[in-house]
Trainee: 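Okay, handing you the structure first.
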Amino acid sequence: MSFSQELWQRNLGLYQKTLALPFNQQLAQGTLSREAFSHYVIQDAHYLLAYGRALAVCAAKAFEADDVIQFAEAAKIAIVVERSLHNGFMQDFGISKDQFESTPLTLACHHYTSYLTSTDWSESYPVVLASLLPCFWIYAEVGKDIVDNSAPNNPYQAWVDTYSGEEFHTAVRNVIATIDRVAARVDADTLEKMHQAYTHAARLEWLFWDSAFEQRQWPGLDQ
């Protein structure tokens, strides 16, 4: 069994709970409220900037030149391409630039981005890579399931198409191949740290979607 296969098996229950979240189920049905989706879009745009920075640090720590290219390009995509998608959604859903810029990170978004940043700067390349994988892999698998069950005329079809598209899945497969190659050259202690980093980030993926559905804010903070 490859390292990535073991990762997936260890965290299969967590993935299934993520897939079953009301946010993802209602997104597929097209019944998710505009308010919950708008909340998600704003927070995800904030997240993408931090994720892009984390990918850039990952690129700087990479073992091989090809990996530097892979993650530097991924950093660009996270900030430019996906951010452009969210800008489109913001216009479609009536979210102004001022509204976006004045909306702070939620607890879930702050926790997730802070975890990625701290891991980036304090851990080795293999562990950093493991912490970044859930955002690629879980999004791809959730997107694949949603597109298979998406309702006709789904108002969120553009999101579904982005994360279920072949281009995105090719990028995910490449990252999985990279982590398997990296895992094959590290010691047992590092492998376990990689497992822990992946699981913690996967839990934060769950938390991010759950928070979006509930539209959670900081306690006592007026919006």
Side-chain angles (χ1 to χ4, degrees), residues 1-11 14-15 18 43-86 105 107-143 162-163 167-208:
M1 182 181 294
S2 68
F3 177 74
S4 61
Q5 289 172 329
E6 186 177 352
L7 268 182
W8 193 258
Q9 287 302 315
R10 278 201 194 188
N11 296 278
L14 178 55
Y15 166 71
T18 301
Q43 293 304 313
D44 204 32
H46 283 308
Y47 170 86
L48 285 171
L49 177 58
Y51 191 63
R53 287 172 170 157
L55 286 165
V57 176
C58 182
K61 290 188 171 186
F63 293 154
E64 309 289 345
D66 285 345
D67 296 1
V68 175
I69 295 170
Q70 180 181 25
F71 294 111
E73 183 65 22
K76 175 183 175 182
I77 292 170
I79 295 172
V80 177
V81 178
E82 296 190 53
R83 187 66 175 273
S84 296
L85 174 66
H86 291 130
L105 276 65
L107 283 166
C109 188
H110 186 272
H111 187 173
Y112 198 174
T113 57
S114 296
Y115 170 69
L116 293 179
T117 300
S118 62
T119 302
D120 248 11
W121 292 108
S122 64
E123 295 291 352
S124 65
Y125 170 56
V127 178
V128 171
L129 184 53
S131 74
L132 295 169
L133 182 58
C135 185
F136 280 105
W137 201 356
I138 293 175
Y139 256 74
E141 292 302 320
V142 168
T162 298
Y163 292 103
E167 183 177 358
F168 182 65
H169 281 268
T170 297
V172 173
R173 287 193 293 269
N174 289 340
V175 174
I176 292 170
T178 298
I179 201 169
D180 280 335
R181 177 165 42 80
V182 169
R185 62 189 290 185
V186 302
D187 59 32
D189 288 344
T190 302
L191 282 176
E192 187 54 36
K193 290 186 75 173
M194 291 171 73
H195 274 291
Q196 292 172 4
Y198 178 93
T199 297
H200 192 71
R203 288 171 176 163
L204 291 171
E205 284 288 322
W206 179 94
L207 183 66
F208 194 94

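Values reported hereafter were calculated over all heavy atoms of this structure, with side chains retained and with hydrogens, waters and symmetry mates removed. Counting from 1, the numbers follow the sequence of the chain as shown.
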Trainee: Is it the case that the side chain of Thr199 and the backbone of Gln196 share a donor-acceptor pair, with hydrogens and angles ignored and the cut-off at 3.5 Å?
Mentor: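 Not a single qualifying donor-acceptor pair exists.
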Trainee: Can you confirm whether more than 12 heavy atoms, excluding those of His110, are under 6.0 Å from its NE2 atom?
Mentor: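 No.
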Trainee: Give the minimum heavy-atom separation between Ile79 and Leu48, together with the two atoms involved.
Mentor: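 That closest heavy-atom pairing would be CG1-O, 4.1 Å.
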Trainee: How close do Ala130 and Ile179 get, heavy atom to heavy atom, and via which atoms?
Mentor: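 Heavy-atom minimum between the residues: CA-CD1, 3.7 Å.
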Trainee: Who passes salt bridge (charged side-chain N to carboxylate O under 4.0 Å, His left out) against Arg10, sequence neighbours left out?
Mentor: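 Scan of Arg10 (salt bridge (charged side-chain N to carboxylate O under 4.0 Å, His left out), adjacent residues dropped) gives Glu6, Glu192.
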Trainee: Atom CD in Glu64, atom CD1 in Ile69: separation rounded to 0.5 Å?
Mentor: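 Going from the CD atom of Glu64 to the CD1 atom of Ile69 covers 11.5 Å.
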Trainee: Could you tell me the separation between the NE2 atom of His169 and the CD atom of Glu141, rounded to the nearest 0.5 Å?
Mentor: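 Rounded to the nearest 0.5 Å, the NE2-CD separation comes out at 6.5 Å.
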Trainee: Minimum heavy-atom separation for Pro134 and Ala201, please, with both atom names.
Mentor: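 Closest heavy-atom pair between Pro134 and Ala201: CG-CB, 3.6 Å.
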Trainee: Would Leu204 and Phe208 count as a side chain to side chain contact (heavy atoms under 4.5 Å, CB included) here? Give the steps.
Mentor: CA-CA 6 Å; Leu204 291 171; Phe208 194 94; over 6 Å; no
Trainee: Nearest 0.5 angstrom please: Glu167 CD to Ile77 CD1, how far?
Mentor: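 One gets 6.5 Å once the value is rounded to the nearest 0.5 Å.
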Trainee: Which heavy atom of Val186 sits nearest a heavy atom of Val182, and at what distance?
Mentor: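 In terms of heavy atoms, the two residues are closest at CG1-O, 3.4 Å.
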Trainee: How about Arg181 and Asp67: do any of their side-chain heavy atoms sit closer than 4.5 Å?
Mentor: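 A side-chain contact under 4.5 Å exists here.
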Trainee: Could you give the side-chain donor-acceptor pairs of residues 49-61 under 3.5 Å, partners two or more places apart or in another chain?
Mentor:
unit_1	atom_1	unit_2	atom_2	d
Tyr51	OH	Leu132	O	2.8
Lys61	NZ	Asp120	O	2.5
Lys61	NZ	Glu123	O	2.5

Trainee: What pair of heavy atoms forms the shortest contact from Ala183 to Met194, and how long is it?
Mentor: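 Nearest pair, atom of Ala183 first, then Met194: CB-CE, 4.1 Å.
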Trainee: Between SG of Cys109 and NE2 of His46, what distance do you get to the nearest 0.5 Å?
Mentor: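 If we round to the nearest 0.5 Å, Cys109:SG and His46:NE2 are 7.0 Å apart.
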Trainee: For His200, what residues pass the ring-ring contact (aromatic ring centres under 6.0 Å, His included) criterion, not counting sequence neighbours?
Mentor: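 With neighbours one apart ignored, the set is His111, Tyr115.
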Trainee: For Asp187, which residues count as a side chain to side chain contact (heavy atoms under 4.5 Å, CB included) partner, sequence neighbours excluded?
Mentor: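 Side chain to side chain contact (heavy atoms under 4.5 Å, CB included) list for Asp187, sorted by chain: Asp189, Thr190.
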Trainee: List in chain and number order the residues that pass side chain to side chain contact (heavy atoms under 4.5 Å, CB included) with Asn174, two or more places apart in sequence or in another chain; answer none if no residue qualifies.
Mentor: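 Expected list: Gln70, Thr170.
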Trainee: Show the numbers, then the answer: is there a side chain to side chain contact (heavy atoms under 4.5 Å, CB included) between Tyr47 and Leu116?
Mentor: CA-CA 10 Å; Tyr47 170 86; Leu116 293 179; 3.6 Å; yes
Trainee: Side-chain contact, heavy-atom cut-off 4.5 Å: Ile138 with Tyr198?
Mentor: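 With C-beta onward as the side chain, the pair touches.
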Trainee: Given side chains that start at C-beta, do those of Phe136 and Ile176 come closer than 4.5 Å, heavy atoms only?
Mentor: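 The answer is no; the side chains never approach within 4.5 Å.
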Trainee: Taking all non-hydrogen atoms of both residues into account, name the closest pair between Ser131 and Thr119 and its distance.
Mentor: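 Of all heavy-atom pairs spanning Ser131 and Thr119, the closest is OG-CG2, 3.8 Å.
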Trainee: Would you mind reporting whether Phe71 and Tyr125 have side-chain heavy atoms less than 4.5 Å apart?
Mentor: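 Contact flag for Tyr125/Phe71 side chains = yes.
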Trainee: Using ring-ring contact (aromatic ring centres under 6.0 Å, His included) as the criterion, list what pairs up with Trp8, not counting sequence neighbours.
Mentor: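 With neighbours one apart ignored, the set is Tyr15, Trp137.
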Trainee: Would you say Leu105 and Tyr112 make side-chain contact, with heavy atoms under 4.5 Å?
Mentor: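 Contact flag for Leu105/Tyr112 side chains = no.
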